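Presented below is the structure to which this report refers.
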Amino acid sequence: MIIIGEKINGAIPAVGQAIARLDAACIRDLAIRQTEAGADYLDVCASGAPELERNVLAWLLEIVQDATDVPICLDSPNPEALRDVLPLVKRPGIINSVSGEGNKCEVIYPLAAESDWKIIVLTCDDGGVSADAEHKAAIGLRLLGKAEAYGIAPDRIFIDPLVLSLSVVGEALLSFTQTLRQIKANYPTVHFTSGLSNISFGMPKRKLINQNFLAFALEAGMDSAIMDPTDKVMRAEIFAAEAILGRDKFCRAYNKAYRRGALG
Ligand code: THG
């Protein structure tokens, strides 16, 4: 399971405030805590005013890269901002994200083609985010084909089938797993990720929903998540689910996690 730590995001109120008062210690602490919790990548997202985004990202990247060697998952809806700050990142990580919207692929794919950066590809386009699995899979397949045309191998792509909120779309999980399976049938080496807490937006006891979503999504083939790596309950859930799914030989990782007290 590839864990992308979500905590350095200006959309989280406490982080937005830390950015506003240039509180480097707060950002540094988030980077270190997620690193110690075993994050494979650290998502870095400015949010806030678009005209400040490049400066905020540059500031965040300097602090995070000084605090940790964990690779960055560079998160922005603006392809030009991603392009402009990419040279500030010391080693290739994940670009988050492209989609079928506007010129995103045309800006980002050439940068990835001539480097080792991986890319998260969202299954939406100028028509917006669909709940229909066929439609989402068609967008994903088209964007994977386009990546191949640029010389980007499918195993460098993370498809994010954009989980909708269960409180709005009752079939949110089914739409996610059907999209995933259709794409995987054509591209068996592609990775799949998602924001782990999207499913429970607007619901009480969100972690209960998130945990169950995780188990079903892992079974369907999701092999990455954008999540809080310091959430011990969720980390324990991942060890349990991977053992149950036969992806943990002799339950070695599960038992090891138990011995170091990581299962709670
Ligand atoms: N897909 C892709 N990128 C994404 C998202 C996605 N980037 C942004 C977002 N969604 C994922 N990041 C976050 C960051 C923080 C929270 C949710 C998603 C969040 N954090 C609370 C906090 O830190 O206070 C609560 C954390 C918790 O209790 O677990 O809500 O979908 N490609």
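Both ligands and their constituent atoms are indexed starting at 1 by order of listing. Everything numeric in this text was worked out from a predicted model, so none of it was measured.
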Under 4.0 Å between a Lys/Arg side-chain N and an Asp/Glu carboxylate O for [X] and [Y]?
X    : Y    : answer
K7   : D43  : no
E106 : K146 : yes
K104 : E101 : yes
K207 : D231 : yes

Query raised in the report: Among the clusters formed by ILVMFWY side chains lying less than 4.5 Å apart, do I4 and I72 turn up in the same one?
Result: no
Report task. Answer with yes or no whether C45 contacts ligand 1, where contact means a heavy atom under 4.0 Å from a ligand atom. Result -> no
Would a 4.0 Å cut-off, counted as strictly less than, catch a protein heavy atom around [atom]?
atom                    : value
atom 2 (C) of ligand 1  : yes
atom 24 (O) of ligand 1 : yes
atom 8 (C) of ligand 1  : yes

Give the atom numbers and elements of ligand 1 that come within less than 4.0 Å of a heavy atom of [X].
X    : result
N198 : 31 (O)
I120 : 32 (N)
L122 : 32 (N)
I226 : 1 (N), 2 (C), 3 (N), 4 (C), 11 (C), 32 (N)

Report summary line: Quick look: S197 vs ligand 1, heavy-atom contacts under 4.0 Å, and the answer is side chain
Query raised in the report: Which one holds for K7 and ligand 1: side chain close, backbone close, both close, or neither close, with close meaning a heavy atom under 4.0 Å?
Result: side chain
Query - Residues E148 and Y187: side-chain donor-acceptor under 3.5 angstrom - result: yes
Query raised in the report: Backbone N or O of L214 within a donor-acceptor pair of the E237 side chain at under 3.5 Å?
Result: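 No.
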Query raised in the report: Polar-atom distance check: K207 versus ligand 1, any N or O pair below 3.5 Å?
Result: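 No; every N/O pair is 3.5 Å or more apart.
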